[in-house]
Amino acid sequence: MKYLYRIYQVFVAFPVTILMTIWTALQVGVGCTFGNGHFWGYYPGRWWARVITRAFLLPVSVEGRENLEPNQSYVFVANHQGAFDIFLIYGYLGRNFKWMMKHELKKIPFVGYACQKSHQIFVDKRGPSKVRATYEAARHILQTGNCSVVVFPEGARTFSGHMGEFRKGAFALADELQLPVVPLTINGSFNIMPRMRDWHFASWHRLSLTIHAPIYPIGQGPQNIQATMHQAYDSVMSSLAPEYQGFVENPDQ
């Protein structure tokens, strides 16, 4: 069965992924240039992600959408298991948002172009001024209303399927703007394509996304940041598959 699935990927899933990526990048580029950037910066990416997960025949389940209020901006924080995290969140979270992503992703053909045209937030740590610019962009998006941001606070994908440490940047941003933080737990992505197997064949596995209850600020300042970060970490950990429970240090953090 594994080899049949690989043959299917060669002749169906991979070609669909390439064609959809090119088509979506063109849609986003033209739409954001001449149309409503709020629409074109999100919905083509959502459709792209859904088509790709279906092309790979991956079942998807989502729990907890009822925890989200309409027209409320959130800072979403998720564990980072693998490449298919992107397709799962983009396709199935069901909220208009911007990614906070590494600036190196600008170099990915078509994807980098689409991300720049749709004003995704590139996290650039090559100097204090670039770090400030990153957070200014995030503040602007969140303050305009009816848009959220998604952050992987570990800062890097796991090597083991377990979670590393959370960094405080996303929580400091939420604290400054007094916005609720929503933890997201991803399961299955590590089993499909961990970072050690980038650009290799995917393995079939179920994907699941758990949307936890929002964590509202209890004040403002360092105490609120630490409390929110610890609560978010515990929430994400609580829904991880048993084999990935517990902290394991990520040497790439």
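This one's a predicted model, so the numbers in the text were calculated from it and none came from an experiment.
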Kindly indicate whether the side chain of Phe190, heavy atoms from C-beta on, has any atom under 4.5 Å from the side chain of Glu243.
no
Starting from Ile18, can I reach Leu26 by hopping between I/L/V/M/F/W/Y residues whose side chains sit under 4.5 Å apart?
yes
Taking the ring of Phe97 and the ring of Tyr90, is the distance between their centroids below 6.0 Å?
yes
Hey, is the main chain of Ile218 close enough, under 3.5 Å, to the side chain of Asn224 for a donor-acceptor pair?
yes
Would you please name every residue forming a side chain to side chain contact (heavy atoms under 4.5 Å, CB included) with Cys32, sequence neighbours left out?
Val28, Trp40, Ser118
Between Gln72 and Pro180, is any pair of side-chain heavy atoms under 4.5 Å apart?
yes
Could you work out, with side-chain hydrogen bond (donor to acceptor under 3.5 Å, both in side chains) as the rule, every residue matching Asn96, not counting sequence neighbours?
His38
Which atom pair, heavy atoms only, marks the closest approach of Ala55 to Val16?
CB-CG1, 3.8 Å
Can a donor-acceptor pair be found, under 3.5 Å and without considering hydrogens, that links the side chain of Thr228 to the backbone of Phe171?
no
Determine whether Ser189 and Leu207 make a side-chain contact, defined as any pair of heavy atoms from C-beta on separated by less than 4.5 Å.
yes
Spell out, as yes or no, whether a donor-acceptor pair under 3.5 Å connects the side chain of Arg50 to the backbone of Arg54.
no
Do the side chain of Asn187 and the main chain of Ser208 share a donor and acceptor less than 3.5 angstrom apart?
no
For a quick test of your reading: what N or O donor-acceptor pairs under 3.5 Å do the side chains of residues 148-155 make, sequence neighbours left out?
from: Ser148; atom 1: OG; to: Tyr74; atom 2: N; distance (Å): 2.8
from: Ser148; atom 1: OG; to: Tyr74; atom 2: O; distance (Å): 3.4
from: Glu154; atom 1: OE1; to: His80; atom 2: N; distance (Å): 2.8
from: Glu154; atom 1: OE2; to: Gly164; atom 2: N; distance (Å): 2.8

Whether Gln245 side chain and Met237 backbone form a donor-acceptor pair below 3.5 Å
yes
Could you check whether Arg195 makes a cation-pi contact with Phe159, meaning its NZ or CZ is under 6.0 Å from the centre of the six-membered ring and within 45° of the ring axis?
yes
Assigning hydrophobic clusters by single linkage (Ile, Leu, Val, Met, Phe, Trp, Tyr; side-chain heavy-atom cutoff under 4.5 Å), is Phe166 placed with Tyr244?
no
Considering all heavy atoms of both residues, which atom of Lys98 and which atom of Gly37 are nearest to each other, and what is their separation?
NZ-O, 4.4 Å
Residues Val75 and Ala170: closest non-hydrogen pair is CG1-O, 3.9 Å
Please say yes or no: joined through hydrophobic side-chain contacts below 4.5 Å, possibly via intermediate residues, are Ile22 and Phe14 part of one cluster?
no
To the nearest 0.5 angstrom, please state how far the CG atom of Leu142 sits from the SG atom of Cys147.
7.5 Å
Tell me, please, which residues at least two apart from Arg46 pass salt bridge (Lys or Arg N to Asp or Glu O under 4.0 Å).
none
Is any side-chain heavy atom of Leu240 closer than 4.5 Å to one of Thr185?
yes
Flag the pair Asp198 / His200 as yes when at least one side-chain heavy-atom distance between them is below 4.5 Å, and no otherwise.
no
Stepwise side chain to side chain donor-acceptor pair (under 3.5 Å) test for Thr53 and Tyr92
CA-CA 10 Å; Thr53 52; Tyr92 299 93; 2.9 Å; yes
Could you check if a side-chain atom of Asn67 sits within less than 4.5 angstrom of a side-chain atom of Pro214, using non-hydrogen atoms only?
yes
Do side-chain atoms of Asp85 reach the backbone of Gly82 as a donor and acceptor pair under 3.5 angstrom?
yes
Can you hop from Phe34 to Tyr42 via hydrophobic side chains spaced under 4.5 Å?
no
Given side chains that start at C-beta, do those of Leu184 and Ile211 come closer than 4.5 Å, heavy atoms only?
yes
Closest heavy-atom pair and its distance - Pro183, Val236
CB-CG2, 3.7 Å
Could you check whether atom CD of Glu104 has more than 12 heavy atoms from other residues, nucleotides or ligands sitting under 6.0 Å from it?
yes
Heavy-atom closest pair, residues Gln81 and Ile186
CD-O, 3.5 Å
Sorted by chain and number, sequence neighbours left out, salt bridge (Lys or Arg N to Asp or Glu O under 4.0 Å) with Arg139 holds for Glu136, Glu176
Can you tell if the side chain of Ile52 reaches within under 4.5 Å of the side chain of Trp47, non-hydrogen atoms only?
no
Hey, is Lys168 close enough to Asp175 for a salt bridge, meaning N to O under 4.0 Å?
no
For Pro15 and Val10, which heavy atoms make the closest approach, and how far apart are they?
CD-O, 3.3 Å
Any chain of hydrophobic side-chain contacts (each under 4.5 Å) joining Phe11 to Leu58?
yes
If we ignore hydrogens and angles and just use 3.5 Å, is the side chain of Gln120 paired with the main-chain N or O of Trp99 as donor and acceptor?
yes
Quick check against the 3.5 Å criterion: does His162 have a side-chain atom that pairs as donor or acceptor with the backbone of Phe247?
no
Does the Lys NZ or Arg CZ of Lys106 fall within the cation-pi geometry relative to Phe122 - under 6.0 Å from the ring centre and within 45° of the axis?
yes
Are Phe110 and Tyr113 an aromatic pair by the rule of ring centers under 6.0 Å?
no
Test: side chain to side chain donor-acceptor pair (under 3.5 Å). Region: residues 2-29. Which pairs qualify, not counting sequence neighbours?
Thr21-Trp48
